[in-house]
Amino acid sequence: MMLRGYRAGDLELLSGTWLSGELLGLPLPNWPVLAEPATVGPPSDETSELCVAPGTGFVRYCDVDWVHRRARLEIGVRREAVDSAELLISAAVAYGFRTLSLRRVYGWVTPATHPPPYLCERAGLQREATIPSAVWFDGRPVPREIWAAVRRD
Amino acid sequence: MTSTVLRAPASRPATGAPAWSARACSDSDYDDVLAFFSEPDFFFRTAEPDTRSEWEIRKLVGADTRLLLADDEPAGLYALEGFGGEHGCHYQLHLRLRAAAPNAWWHSAFEEIVRALTWKKELVRLAVQVGEFDGRGLAFARSLGLTEEGTLASVVRHGGQRYGYVFFARIWALTS
Amino acid sequence: MTDLERLDPPAAAAALRATPDGARGFLGVDPVTQNDMAIAGELTRLGAHVFRRGQALLGFVPNSEQPRQATVATTSADPDLMTEFLTFLGSYQRCTSYVAMVPSGSAAESTFNGCGFHRTGTLRGHRYQTGQYQDVHVYFATVGDLCRS
């Protein structure tokens, strides 16, 4: 899966009908007709690192901390490309470790969105924590899990 | 800034309500917006819509307002304003459909607006204010079964007389 | 809780720096590796609110995805002080649940254990301090858990 730098023409990859902030930004069913899609701002400064996979989606590293060598990872996948989600996550983890030289990448997974099973495990992530009532989703507060991959040095 | 069109992926509701979609008002939408305000009863944040000038309409519409489209045709405007701190979850709804829209569309639009809001945020109280002169708005609010909380009397002039604003609200049970 | 003094970000940064050791990891900041401007900037970016009571500093960050929840932090080892602070948050922010991210081995662990929080996970190697990577434990409590403690 090839990641490349963002260009203005990639803007439509940055919005979609997924839960904002999710590690696995996969399009959700039953999205209300008047609910605005989740949107990630185009990169404009050093506070986040964003790459796109053309035709598939984007990967974004937020809260990058160079002292603790960690970042929170989000991906967003287009509806037509959901089968490539696993490749995108693996590419994102690899880029974080190899190119950004991070030691740890983590992200939020909301079980109520029913993400495909084993997607995170196959990309090398492990569930580390569960926080009840962490996000409001479809009329109620639901738990969120923190998943992470740590580079073995 | 490009406006994003929000749209349901698939099927049309069975009840005869239109397929709703919405977008932030862009410059190319203003002809439709100005046409709405030329209707004498398009009471969207104003008691005198058909005599408002263009700058005033732009100000009334603002960044929080969305153009409502029924089957991709402009049908009205709505805006949700938050009141108080985030943790209070109180909102006020401004909603207006054009005169040609059937009454059933108002209910359907209200349900979709509430559904979209509660998808991402908790809603504890939703308030609607309707002028006493606004027959259509009052009929809509009463038919929804909103609690009629009271009338702030004689605060606005319309058609040569003083009228008040009627306050309606619905409160949802706390879930968190 | 009438003797709670609210500190703006620059004052909070100075107060954290003046607190020996207890402030490392407070809402994720570290007065040893970050200067006052960096700490104040981070607190502002998070939307954090920091208070002082006596010698202790207490802070919370509202959860923007679920306003009824807040992440909390303290520099004090006193569980009763935290319980009072959480009661204050319950009244003024309508909080019904609380999260704390506590570096492993820090004094705050006993604080949160002592007022009814339970550990719901561990973030491996989440912080670097004193020459090595440390785990950060995730603690959680609902308002009901606090009453029972």
Asks: A:R144 versus chain C, heavy atoms under 4.5 Å apart: side chain, backbone, both or neither?
Replies: side chain
Asks: In terms of heavy-atom proximity below 4.5 Å to chain A, should C:R119 be classed as side chain, backbone, both, or neither?
Replies: neither
Asks: Between A:R4 and A:D10, is there a salt bridge with N-O shorter than 4.0 Å?
Replies: yes
Asks: Does C:T33 have any side-chain contact (heavy atoms from CB on, under 4.5 Å) partners at least two apart in sequence or in another chain, and if so, which?
Replies: C:R24, C:D30
Asks: Run the side-chain contact (heavy atoms from CB on, under 4.5 Å) test against A:R98 and tell me which residues pass, sequence neighbours left out.
Replies: A:A94
Asks: Answer with side chain, backbone, both or neither: which region of C:H126 has an atom nearer than 4.5 Å to a non-hydrogen atom of chain A?
Replies: both
Asks: If you draw the axis of the six-membered ring of A:Y61, does the NZ or CZ of A:R72 fall within 45° of it and under 6.0 Å from the ring centre?
Replies: no
Asks: Could you check whether C:Y98 and C:Y139 have their ring centres less than 6.0 Å apart?
Replies: no
Asks: Name all residues meeting the side-chain contact (heavy atoms from CB on, under 4.5 Å) criterion together with A:S101; count only those two or more places apart in sequence or in a different chain, and write none if there are none.
Replies: A:R69, A:R151
Asks: State plainly whether the residues C:D78 and C:R53 are in salt-bridge range, i.e. N to O under 4.0 Å.
Replies: no
Asks: Chain C contacts: which residues in residues 104-117 of chain A have a non-hydrogen atom closer than 4.5 Å to it?
Replies: A:R104, A:Y106
